[in-house]
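One structure is given below, encoded as structure tokens.
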Amino acid sequence: MQTTWAYISNYSVYSAMAIFTISFIAHAFETAFAVRAPDAADSTDGNLLLKTLDYKRTEKTARIATAMMILGFILLLAGIVARGISNGHVPWGNMYEFSITGALAFTGAYLAALRKYDLRWLGLFVSISVLLTLGTAVTLLYRDSAPLVPALKSTWLVIHVFAAIISGGVFLLANVVAGAYLYLDRLESRGPRPAWLQRVPSLEVLDQLSYRLVAFVFPLWTFAVIAGAIWAESAWGRYWGWDPKETWAFITWVAYAAYLHARVTVGWRGRRAAWLCIFAGSTFLFNYVYVNVWGSGKHTYSGL
Amino acid sequence: MTSAPKDYTAWVTITDNGRTYKKEIKVNKPLTFGNTRVYLQANGYSPVVTVRDSQGNVALQGPIPFLPQDGNLRSIGSIKVPDAEPQIGFVSSFVPTNARTTDQGAVSIFPELLDPKLLFSIWKGDLGLDSGIPQSVYRIDTSKLEKVGLGSVKPGETFTYPEGSITLEMVIPWVNLQFVDDPGKSYALIGAILAILGLLSSLYGRRRRIWVRITSGGVEVAGLAKNSAPGLDVEIEKFVSAIRGEK
């Protein structure tokens, strides 16, 4: 019975990857074909001819792209739930399980933000990063479904890891936005934006968005670290021991705290703030990848 | 992941002012006793051995703690016999469930005592225990010793060599318990909770300042929103009309 669920989980994750691929292609198609070459009629007023974006032409593709993203999210969610059933515990016991859950959180953050903001331009980046994450997970990180090691058997696993995964997903989304800001900032310093980027919001909006994402999730990250400390107190006999994972979680916390201070107190905006945001996000990624794969410490479980 | 442990539990008996009761200690469930918490940190095996000299006199008897090396509790250790003449040392490894591989020698394939075996090389000479330099209880410096033989025993078996014999009587488990009294713990927790509350109010609160200046020409009103919270204009207009209303 457990193996059946494990198979269901694997097939759901594979199907989700296929669906995300379709979503990626649709996003790429939309971005490429919405560019409208100037008509001869436009040139009569003597103005500079610019390629424009006409999303009416690709509305259907855009809808498909978002629908596929939602479908992929549902399949991935099903895959993670099935994995949990086959394990007999929340599926956050090793790096494969963290990665697929992280991909789910990332997609979920994008879809949730999409309801409020016109973020569809971000879909191309979101679908490709989710595909890369899932691809790495199923090829390099996959481990057979297994029971939890004794040290992970605790309610805190759910609380601590859930908070950490959600924080990670939103931090990385903020990083993508900050990266988009820096790229567009460079392009705009040389002239008008190319047509395919015209729907991306203005630099001011991007700047605000990455700040809001970080400000929204920073208390949750603080909570994740504190919940980890409370758990460590009952599992390892100390609430803080400068384990590599703990130390890097603290470094990430300090980096984001510096970012928020730089914005709110000192008034950093734009390029400098975006770089600081990306730096803080990279400490999170470093903690996730390096400490799990090459590091040694109490957070290294079951191979990966 | 096969043959991975599912659970560790230590059953302990507590005696407190003549009152005796039984408790469990698990990895995520430390035992709380007053202000002290007792944690189950590690476990392993201690082979109980009897070492005799060539006349048959007991030179050493008792459990020797061994240090686990992997998940299946393949352990290393040393049995030092300073009271034998000459002194004897066993550089040993212990496997709870014995199996042989061609490349690694003896390995353990299960953490429980299904087919335990003690393997050793025997050395004689000065163990260096009287040199005054501290040394590991798990290792023997063999640079000044002479190798006498190589052997292995299962429980109940005796291995004989020219200088004497070694018998593996039985194998008992050991646990590593950590006793912690951390009086600052609750202060750290209160501090952490206050930090989160402070963060929430400073990040999500709408901080804004309004200045009112009375000049000869009338009243000037200015405002500043700290974390660029929207809606300041509306608030200032309301404020201004409120002032006007009072006049």
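Proteins come first, then strands; the chains are lettered A, B, ... in the order of their sequence lines, and each starts at number 1.
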| said: Within a 6.0 Å radius of atom CZ on F279(A), are there more than 12 heavy atoms belonging to other residues, nucleotides or ligands? | reply: no
| Partner set under side-chain contact (heavy atoms from CB on, under 4.5 Å) for A99(B), not counting sequence neighbours | V107(B), I109(B)
| Top contributor to chain B interface from A257(A), G237(A), P219(A) [non-hydrogen pairs under 4.5 Å] | G237(A)
| said: Could you measure the distance from the CG atom of N28(B) to the CH2 atom of W156(A)? Nearest 0.5 Å is fine. | reply: 11.5 Å
| remark: Whatever's closer than 4.5 Å to a heavy atom in chain A on L40(B) counts as neither
| request: Taking atom NZ of K23(B) as the centre, report whether more than 12 heavy atoms of other residues, nucleotides or ligands fall under 6.0 Å from it. | output: no
| When only heavy atoms count and the cut-off is under 4.5 Å, which of residues 191-199 of chain B reach chain A? | A192(B), I196(B), L199(B)
| Which residues in residues 168-180 of chain B have a heavy atom less than 4.5 Å from any heavy atom of chain A? | Q178(B), V180(B)
| Is Y138(B) atom OH crowded by more than 12 heavy atoms from other residues, nucleotides or ligands, each under 6.0 Å away? | yes
| request: Can you run down the salt bridge (Lys or Arg N to Asp or Glu O under 4.0 Å) pairs that involve residues 26-45 of chain B, sequence neighbours left out, and say none if there aren't any? | output: E233(A)-R37(B), D7(B)-K26(B)
| field | F223(A), part contacting chain B, at a heavy-atom distance under 4.5 Å | value | both
| field | Neighbour count above 12 (heavy atom, 6.0 Å) for E112(B) CD | value | no
| task | Give a yes or no on whether Y187(B) atom OH has more than 12 heavy-atom contacts from other residues, nucleotides or ligands under 6.0 Å away. | result | no
| Between atom CG of L203(B) and atom CZ of F216(A), what is the distance when rounded to the nearest 0.5 Å? | 12.0 Å
| message | With a sphere of 6.0 Å drawn around CG of N35(B), does it hold more than 12 non-hydrogen atoms of other residues, nucleotides or ligands? | response | no
| Contact summary for Y39(B) and W236(A), nearest pair of heavy atoms | CD2-C, 4.4 Å
| request: Over all heavy atoms of both residues, which pair between S234(A) and P30(B) is shortest? Give the atoms and the distance, please. | output: O-CD, 3.3 Å
